[in-house]
Visitor: 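I have a structure I would like to understand better, so I am pasting it below and will then ask my questions one at a time.
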Amino acid sequence: MMPALQPAAGSLLECIALSRQFEVADKPFNALADVSVKFEAGEFVAITGPSGSGKSTFLNLAGSLDRPSSGQVRLNGIELTALADTTLAQVRNRSIGFVFQSFNLLPRYSLLRNVELPLVYAGISAAPRRERSIRLLERLGITDGLDRRPAQISGGQQQRVAIARALVNDAPLILADEPTGSLDSTNGNIVIELLAELCREQGKTVLMVTHDNDIAARCPRQLVFRDGRLLEDRSR
């Protein structure tokens, strides 16, 4: 049975002493080392640092796409790292929206169906899931050709479809890995403004990995990683 994720006193997301170690050429490699950080509802946070600094590893652990070598992840007080895989998948579908750097759209499905999928898994009926999906796609500038397949549109359009899919389940937590990386400046601004609005008006928490210093500067809080460690946690 999936635990109820009702709003809890304290932080929305808490990462406690997270570490992730891999074996590289038969030697241990610390991709992330002893990272502890909390996030409140409504925060818009940029995660920055050079390539290989641990940014994406941290994001994957925070979203429980990967399990830490040690440490804990708590979402609304529930320890995700203690959940069985099936229950964890249910929690992720209902409570976390993911924007992947590689889009991860399913090639055999239409654009609309790709966006609808989280709602299908959540058991939402056809009419409301279609309405919600179309509304988000239109907000992101995808207004026609929703029966097309991902291979029939540009990389920038695929990214916007992937962002719509991440937002469609109305999750309290959005994790985005370079969400503007494939977009021109105009569409990049649309995405950043939408994410900021979700935080400001709907109380969503957005954690966003970015290499773009200008985009990072638009976030009220910035985490800086280096060599697998959280080097700075600064707010403005």
Side-chain angles (χ1 to χ4, degrees), residues 42-48 55-56 59-60 62-63 65 92-122 124 126-219:
E43 285 201 272
F44 191 13
V45 184
I47 300 173
T48 66
K55 304 184 302 297
S56 293
L59 204 70
N60 288 338
L65 292 174
R92 281 198 306 262
N93 181 65
R94 194 174 80 174
S95 302
I96 307 174
F98 296 94
V99 182
F100 299 101
Q101 202 169 3
S102 56
F103 314 143
N104 285 4
L105 299 176
L106 298 179
R108 67 184 183 278
Y109 288 146
S110 69
L111 307 184
L112 180 59
R113 186 65 171 177
N114 265 283
V115 175
E116 286 184 311
L117 278 176
L119 301 179
V120 172
Y121 299 145
I124 305 299
R129 74 177 182 238
R130 179 181 177 86
E131 179 184 353
R132 194 187 305 180
S133 300
I134 290 174
R135 187 169 64 247
L136 264 175
L137 283 164
E138 289 177 344
R139 178 74 184 277
L140 288 160
I142 309 293
T143 57
D144 55 17
L146 302 187
D147 58 341
R148 289 175 293 174
R149 301 296 186 266
Q152 297 175 293
I153 62 175
S154 69
Q157 289 173 310
Q158 288 184 52
Q159 182 66 302
R160 283 179 278 161
V161 172
I163 290 167
R165 181 187 58 191
L167 302 180
V168 76
N169 63 354
D170 199 28
L173 177 63
I174 307 297
L175 304 180
D177 194 352
E178 296 282 0
T180 62
S182 299
L183 303 179
D184 58 36
S185 59
T186 298
N187 285 306
N189 280 328
I190 290 172
V191 167
I192 295 302
E193 284 301 319
L194 176 58
L195 294 176
E197 180 183 305
L198 289 170
C199 298
R200 184 174 61 248
E201 298 184 7
Q202 298 184 28
K204 308 295 185 188
T205 299
V206 176
L207 309 185
M208 177 180 63
V209 167
T210 182
H211 282 97
D212 190 320
N213 291 331
D214 291 336
I215 288 175
R218 296 170 66 177
C219 297

Visitor: Out of curiosity, L105 CG to L111 CG, how far, rounded to the nearest 0.5 Å?
Guide: 8.0 Å
Visitor: Answer yes or no: does atom CZ of R218 have more than 12 heavy-atom neighbours from other residues, nucleotides or ligands under 6.0 Å?
Guide: yes
Visitor: Let's go through R165 and L117 carefully: what are the C-alpha distance in whole Å and the side-chain angles of both, what is the deciding distance for side-chain contact (heavy atoms from CB on, under 4.5 Å) to 0.1 Å, and is it a yes or a no?
Guide: CA-CA 8 Å; R165 181 187 58 191; L117 278 176; 5.5 Å; no
Visitor: Main chain of R130, side chain of R135: is a donor-acceptor contact present, judged purely on distance under 3.5 Å?
Guide: no
Visitor: What I want to find out is whether K204 reaches D170 closely enough, with some N-O distance under 4.0 Å, to be called a salt bridge.
Guide: yes
Visitor: If every non-hydrogen atom of L175 is compared with every non-hydrogen atom of A62, which pair is closest and at what distance?
Guide: CD1-C, 4.1 Å
Visitor: For V120 and R113, run side-chain contact (heavy atoms from CB on, under 4.5 Å): C-alpha distance rounded to whole Å, both residues' side-chain angles, the deciding distance at 0.1 Å, then the answer.
Guide: CA-CA 9 Å; V120 172; R113 186 65 171 177; 3.8 Å; yes
Visitor: Can you confirm whether Q157 sits close enough to I142 that some side-chain heavy atom of one is under 4.5 Å from a side-chain heavy atom of the other?
Guide: yes
Visitor: Any chance you could measure L112, atom CG, to R129, atom CZ, to the nearest 0.5 Å?
Guide: 9.0 Å
Visitor: Counting C-beta onward and ignoring hydrogens, is there a side-chain heavy-atom pair between V45 and C219 closer than 4.5 Å?
Guide: no
Visitor: Would you mind reporting whether Y121 and R94 have side-chain heavy atoms less than 4.5 Å apart?
Guide: no
Visitor: Please find the pair of heavy atoms, one from S56 and one from D177, that lie closest to each other, and give the distance.
Guide: OG-OD2, 3.1 Å
Visitor: What heavy-atom pair brings L140 and A164 nearest, and what distance separates the two atoms?
Guide: CD1-N, 3.6 Å
Visitor: Quick one: CD1 on I163 to CZ on F100, what's the gap to the nearest 0.5 Å?
Guide: 12.5 Å
Visitor: Work out which heavy atom in S133 is nearest to a heavy atom in V168; give both atom names and the distance.
Guide: OG-CG2, 3.7 Å
Visitor: Could R139 and E197 be called an ion pair, given the rule that one side-chain N must be under 4.0 Å from one carboxylate O?
Guide: yes
Visitor: Given side chains that start at C-beta, do those of L146 and L137 come closer than 4.5 Å, heavy atoms only?
Guide: yes
Visitor: Do I153 and V161 have side chains that approach each other closer than 4.5 Å (heavy atoms only, starting at C-beta)?
Guide: yes
Visitor: State, with a plain yes or no, whether a side-chain heavy atom of L183 is found less than 4.5 Å away from one of V191.
Guide: yes
Visitor: Rounded to the nearest 0.5 Å, what's the gap from CD on Q158 to CZ on R149? Could you check?
Guide: 13.5 Å
Visitor: How many angstroms lie between atom CD1 of I190 and atom CG of N187, to the nearest 0.5 angstrom?
Guide: 4.5 Å
Visitor: Would you say Q159's side chain and T180's backbone share a donor-acceptor pair under 3.5 angstrom?
Guide: no
Visitor: Hey, mind stepping through H211 and E178 against side-chain contact (heavy atoms from CB on, under 4.5 Å) and telling me if it holds?
Guide: CA-CA 7 Å; H211 282 97; E178 296 282 0; 2.4 Å; yes
Visitor: Measuring from atom CD1 of I174 to atom CZ of F44, what distance do you get when rounded to the nearest 0.5 angstrom?
Guide: 11.0 Å
Visitor: Atom CG of residue position N213 - does it have more than 12 heavy atoms of other residues, nucleotides or ligands inside 6.0 Å?
Guide: no
Visitor: Are side-chain N/O atoms of S110 and D147 paired as donor and acceptor at under 3.5 Å?
Guide: no
Visitor: Checking side-chain contact (heavy atoms from CB on, under 4.5 Å) for the pair L167/L198: CA distance, chi angles, key distance, verdict?
Guide: CA-CA 9 Å; L167 302 180; L198 289 170; 3.5 Å; yes
Visitor: Indicate the atoms forming the closest heavy-atom contact of N114 with P150, along with that distance.
Guide: ND2-CG, 3.8 Å
Visitor: Any non-hydrogen side-chain atom of M208 less than 4.5 Å from a side-chain atom of I47?
Guide: no
Visitor: Heavy-atom distance under 4.5 Å between the side chains of C199 and T205, does that happen here?
Guide: no
Visitor: Show the nearest heavy-atom pair for residues P118 and N169, with the distance to one decimal.
Guide: CB-CB, 4.3 Å
